[in-house]
2 protein chains.
Amino acid sequence: MIETGAEPESRAERKLRTRRAILDATLELCADSSLTALSLRQVAKQVGIVPTAFYRHFDSIESLGLALVEESFDSLRDLFRDVRRNARADNDVVDGSIDALVDHVHRRRDHFGFIARERVAGPRSVREAIRREIELCERELATDLALMTGTDTWTAKDLHVLSSLFVTVLVATAEQIVSTARPEQEEQIVATVRTQLRMLLIGVYQWRSEA
Amino acid sequence: MIETGAEPESRAERKLRTRRAILDATLELCADSSLTALSLRQVAKQVGIVPTAFYRHFDSIESLGLALVEESFDSLRDLFRDVRRNARADNDVVDGSIDALVDHVHRRRDHFGFIARERVAGPRSVREAIRREIELCERELATDLALMTGTDTWTAKDLHVLSSLFVTVLVATAEQIVSTARPEQEEQIVATVRTQLRMLLIGVYQWRSEA
DNA sequence: GTTGTCGGTGTACAGATGTTCACTGAAAGG
DNA sequence: CCTTTCAGTGAACATCTGTACACCGACAAC
């Protein structure tokens, strides 16, 4: 069904390839709308398999969604890794982070769009999974922030509060970039978030945690 | 079909009542999931009318969605009005605004949830309508901010940048409140956003616009 | 009091949906 | 080589989908 140029494939390889095709087809099909509006048969048609073959890989659209959550957060963790690297290399943390953000969103527009949408509109279990993953990101970022200059007097709570704000802004920016096609509008978005983070950082440098 | 206690109704009144019932049924039905996953027949069943009667009021789920956008943003503008009033009455702008936010989200959880979801997952035209409305809110807030203390040296652009950040945080907070049922978790959310806004305000008070 | 307007009804249809079941054929394993 | 495993097939099902159509009956207008 799936045409390979040549080369014999093991059964496991073929299965994996079909699985990938299902994941990709799903990302493409729900690029606008949502998982909850997606039918198993649409996915099957897009992949080029018969509807029932879907069950060989996932037992529902919902569990397919959970697999996509994992995959999408791999992309997001990649982003975090890059941000961390840029934070060391670059003098200006803000610019480095935003560049990394834009770069990763461009590369995996599908993943970031998926998270943005299903985070609020997906099936309950998918929403919960995304919520959990985002909390992990916030915690991870909080420990990174603790290593930065000037936060040595901060309480753990305040660190997490700040981390959560960064993640909120990050998610909102990713959302905006995903949902715009025009490059000049994207520059606008980037310029805006850059200023916003600078305003915020001024506050951060002055902040002293209470008792 | 719709049982009224007594009192004769004019035809126009009855029609309006059915329209309301459709709007309410829709808000209830897509409370989790999304408009794009909602069928005309589900709505009709919930309202207690036959599917074809739906067309007497809207010609598609999409145009129904547009009506709900308008209605939902009436709620949001109410919130803005209250925030503005609290800003004058209260010494602390942050606490007043957050209280107003929490209050309005509680009162119209359905509207705020609707905006949060359809903003990213609704039909294209609905997403665009919401985007336009949010931009209006940002502009409105920007002119309010211009009247506040310390922003007299700010450029119009910076005012809009800040306004946009406030709206982002506001939307994210509303989203979180809508999607949590546990009151103690809500207190957590509120406490977090309060600290976040305070951190930000420190930066704002020190900010000087460039050229 | 006749007539027209118009929410709402009921039937009907072609197509899409999730899931079942028995099947095929090629790779994997003995 | 023979048997098992298993990804993918194809037909069948009951149910749900949007929409077209002719119809009804109460209110509105004259």
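Below, read A as the first sequence line, B as the second, and so on, with proteins coming before strands; counting in each chain starts at 1. From a predicted model like this one, the values you see are computed outputs, not experimental measurements.
- Nearest to the side-chain atoms of A:Leu40 among the listed nucleotides C:dG18, D:dT19, D:dA7 stands C:dG18.
- In this structure the side chain of B:Arg81 reaches within 4.5 angstrom of the side chain of B:Asp78, judged on heavy atoms.
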- Item | side chain to side chain contact (heavy atoms under 4.5 Å, CB included) between A:Arg117 and B:Ser34, intermediate numbers included | CA-CA 10 Å; A:Arg117 257 177 293 106; B:Ser34 152; over 6 Å; no
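- Checked for salt-bridge contact, A:Glu13 and A:Arg17 miss the test: no charged N lies under 4.0 Å from a carboxylate O.
- Atom pair B:Leu38:CG and D:dG18:C1' shows a separation of 13 Å (rounding to whole Å applied).
- Between A:Ile49 atom CD1 and D:dG10 atom C1' there is a gap of 14 Å when expressed in whole angstrom units.
- Rounded to whole Å, atom C1' of C:dG18 lies 15 Å from atom NZ of A:Lys45.
- DNA chain C is contacted by B:Val50, B:Thr52, B:Ala53, B:Arg56, B:His57 of residues 50-63 of chain B, taking any non-hydrogen atom closer than 4.0 Å.
- When the shell of 6.0 Å around CZ of B:Arg20 is examined, it contains more than 12 heavy atoms from other residues, nucleotides or ligands.
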- Item | Test side chain to side chain contact (heavy atoms under 4.5 Å, CB included) applied to B:His106 and B:Val102, step by step | CA-CA 6 Å; B:His106 280 172; B:Val102 171; 3.7 Å; yes
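- Between the P atom of C:dG15 and the CD atom of A:Gln42 lies a distance of 17 Å, rounded to the nearest Å.
- A salt bridge does not link A:Arg198 with B:Asp158: none of the charged nitrogens is closer than 4.0 Å to a carboxylate oxygen.
- Between B:Arg119 and B:Glu133 there is no salt bridge, since no side-chain N of the basic residue sits under 4.0 Å from a carboxylate O of the acidic one.
- Inter-residue side-chain proximity for A:Thr173 and A:Ile98 is flagged as unmet; no heavy-atom pair is nearer than 4.5 Å.
- Between B:Asp82 and B:Arg84 no salt bridge is recorded (no basic side-chain N to carboxylate O distance below 4.0 Å).
- Helix-axis bend for the helix from C:dG1-D:dC30 to C:dG30-D:dC1: the local axis fitted to the five terminal pairs at one end deviates from that at the other end by 20°, rounded to 10°.
- Residues B:Phe166 and B:Leu162 meet the side-chain proximity criterion, which asks for heavy atoms closer than 4.5 Å.
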Hey, what are the protein-to-nucleotides 28-30 of chain C N/O distances that come in under 3.5 Å?
{"unit_1": "C:dA28", "atom_1": "OP1", "unit_2": "A:Arg11", "atom_2": "N", "d": "3.4"}

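- In this structure, B:Arg14 places its CZ atom 6 Å from P of C:dG8, rounding to the nearest Å.
- Nucleotide D:dG10 holds its C1' atom 11 Å from the CZ atom of A:Arg41, rounded to whole Å.
- Between D:dT17 and B:Ser39, a contact under 4.0 Å exists linking OP1 or OP2 to a side-chain N or O.
- Taking 4.5 Å as the limit, some side-chain heavy atom of B:Arg194 sits within range of a side-chain heavy atom of B:Asp95.
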